[in-house]
Amino acid sequence: DNGYIIYTDGTEKILVGYNGTETDLILPSYITKIYKYAFRYCDSLTSVVIPDSVTSIGSSAFYGCNKLVEVINKSGLNITKGSTQNGYVGYYATVISNSPFIFGTNNEDFYLVKYCGNDTHVVLPDKYNDKGYRIHNNAFKDCKNILSITIGTNVEDIAQDAFIGCNNLVALNVSDWDTSNVTDIQGMFAICSGLTSLDLSSWNTSKVLNMSSIFNNCPNLHTINVTRWDISNVKSMNYMFSGDNSLTKLILGEVTQQTYNWWCARLTESGLSCDIIDCTIIETPLSFEFEIDSYVYRLNGTRYTATSS
């Protein structure tokens, strides 16, 4: 069971050992006790969530877990930093809290690694350690109880598949999120089958390189607003709308014919009609650059050089 070794006597379920490789653990919510030595010398373990179902932790259960620096305590146990009580779980910790948000770092950036709460309406922290942070891939994976998520201005990046499998997520407020330095939004909303509409018109996508599968398998998503999206640097847009059988409106705003063709191609590769595009096609403005001596001029961004015969 995900590396957990569970013993049950028919009444209680006791976690007696762990042979997995994960570094950030959310212990199963059905366990009632953690047996002595259960995680002893698991020296790759960096964070652990103790569920509210746990009533006791055996002696030395976390002894030797010298990288276990973050403990999220949702139980009624009194877990404190530097203490040998409760199986040494807090002995090495620098952070002990009851927050449902698990953060990590690579010594340069902070990451929201996992959400382990039960709230239906989630508002992300504005900052972590007074700094902005990134949302790690799979951070909200399969959080099926979440109905809405609000993301603030200090989230620096959202990795691919961050919300994958959030089947009941019907509202995602990303209007305040600063996307000006984001480069990869692959699969961001994939398999969010509860989403019905997304207004992403405030996003600055000028640095985005990968949009593949961003809306993949969102079967109830009927409206997407991507007005003002800059796709000039995008290298991959494959299968953006695969499985989006309910999509009836894609709002683009004012676009050139070339941009319209790009979006149309993304729809048709997924079996959708270009008729659902809501936009106004504008002509590309002409611009000229002259250089008298060498007869250089620029037309529509293309540079030509002419020489006298």
Side-chain angles (χ1 to χ4, degrees), residues 2-3 18-27 39 41-50 62 64-74 79 81-82 88-117 122-143 146 149-166 174 176-190 203-214 233 235-236:
N2 295 320
Y18 178 71
N19 58 15
T21 59
E22 296 294 325
T23 58
D24 302 291
L25 293 180
I26 301 175
L27 301 186
F39 293 93
Y41 295 123
C42 289
D43 56 7
S44 63
L45 186 60
T46 59
S47 70
V48 65
V49 178
I50 309 296
F62 292 90
C65 299
N66 54 11
K67 293 181 182 177
L68 181 54
V69 295
E70 185 166 20
V71 178
I72 309 299
N73 180 24
K74 301 175 71 178
I79 298 175
K81 288 189 285 187
Y88 280 78
V89 66
Y91 185 73
Y92 307 97
T94 57
V95 175
I96 295 179
S97 74
N98 58 3
S99 169
F101 302 102
I102 299 177
F103 285 89
T105 182
N106 61 0
N107 296 322
E108 294 182 1
D109 300 303
F110 290 112
Y111 290 86
L112 173 56
V113 177
K114 185 68 178 177
Y115 174 74
C116 57
V122 177
V123 178
L124 269 59
D126 185 50
K127 295 180 180 180
Y128 180 72
N129 284 356
D130 293 323
K131 294 183 178 180
Y133 59 91
R134 301 169 183 265
I135 298 179
H136 204 270
N137 61 302
N138 299 319
F140 294 88
K141 182 181 179 181
D142 295 330
C143 292
I146 296 179
I149 299 176
T150 299
I151 298 173
T153 57
N154 291 301
V155 172
E156 298 170 352
D157 192 14
I158 299 179
Q160 68 182 57
D161 299 333
F163 308 105
I164 191 168
C166 294
V174 290
D176 292 332
W177 180 36
D178 181 3
T179 60
S180 58
N181 290 310
V182 174
T183 59
D184 191 339
I185 55 177
Q186 177 182 354
M188 183 171 293
F189 306 110
W203 282 17
N204 178 348
T205 59
S206 59
K207 294 185 180 179
V208 174
L209 303 175
N210 190 354
M211 294 183 178
S212 297
S213 304
I214 180 175
N233 288 314
K235 306 300 181 185
S236 179

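Position 1 is the first residue of the sequence; numbering continues from there.
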For residues [X] and [Y], report the shortest heavy-atom separation together with the two atoms involved.
X	Y	value
I96	I79	CG2-O, 3.7 Å
C116	V49	SG-CG2, 3.6 Å
S47	L45	O-CD1, 3.5 Å
D24	V113	OD2-CG1, 3.7 Å
Y133	D126	CE2-O, 4.0 Å

Got a sec, which residues hit salt bridge (Lys or Arg N to Asp or Glu O under 4.0 Å) with D43, two or more places apart in sequence or on another chain?
-> none
The salt bridge (Lys or Arg N to Asp or Glu O under 4.0 Å) partners of D142 (sequence neighbours excluded) come to K144
According to ring pair (Phe, Tyr, Trp, His ring centres under 6.0 Å), who are the partners of [X], at least two apart in sequence or on a separate chain?
X	result
Y111	H136
F39	Y18, F62
F101	Y115

Atom OH of Y91: over 12 foreign heavy atoms under 6.0 Å = no
Do other residues, nucleotides or ligands put more than 12 heavy atoms under 6.0 Å from D130 CG?
-> no
Side chain to side chain contact (heavy atoms under 4.5 Å, CB included) assessment of I102 paired with I26 = CA-CA 10 Å; I102 299 177; I26 301 175; 4.2 Å; yes
Can you list everything that forms a side-chain contact (heavy atoms from CB on, under 4.5 Å) with [X]? Sequence neighbours excluded, please.
X	result
D178	S180
V69	T94
K67	T46
N233	L209

Quick one: [atom1] on [X] to [atom2] on [Y], what's the gap to the nearest 0.5 Å?
X	Y	atom1	atom2	result
T179	W177	OG1	CH2	6.0 Å
D161	N138	CG	CG	5.5 Å
K114	C143	NZ	SG	5.0 Å
I149	I135	CD1	CD1	7.5 Å
L27	N2	CG	CG	11.5 Å

Just grab all the salt bridge (Lys or Arg N to Asp or Glu O under 4.0 Å) pairs involving residues 98-110, residues at least two apart or on different chains.
-> D109-R134
Scan residues 96-107 for pairs that pass salt bridge (Lys or Arg N to Asp or Glu O under 4.0 Å), counting only residues two or more places apart or in two chains.
-> none
Validation: residues 181-190 side-chain donor-acceptor distances under 3.5 Å, sequence neighbours left out:
from, atom 1, to, atom 2, distance (Å)
N181, OD1, K207, NZ, 2.9
D184, OD1, Q186, N, 2.9
Q186, OE1, N210, ND2, 2.9

Residue pair L68, Y88: steps toward the side chain to side chain contact (heavy atoms under 4.5 Å, CB included) verdict = CA-CA 10 Å; L68 181 54; Y88 280 78; over 6 Å; no
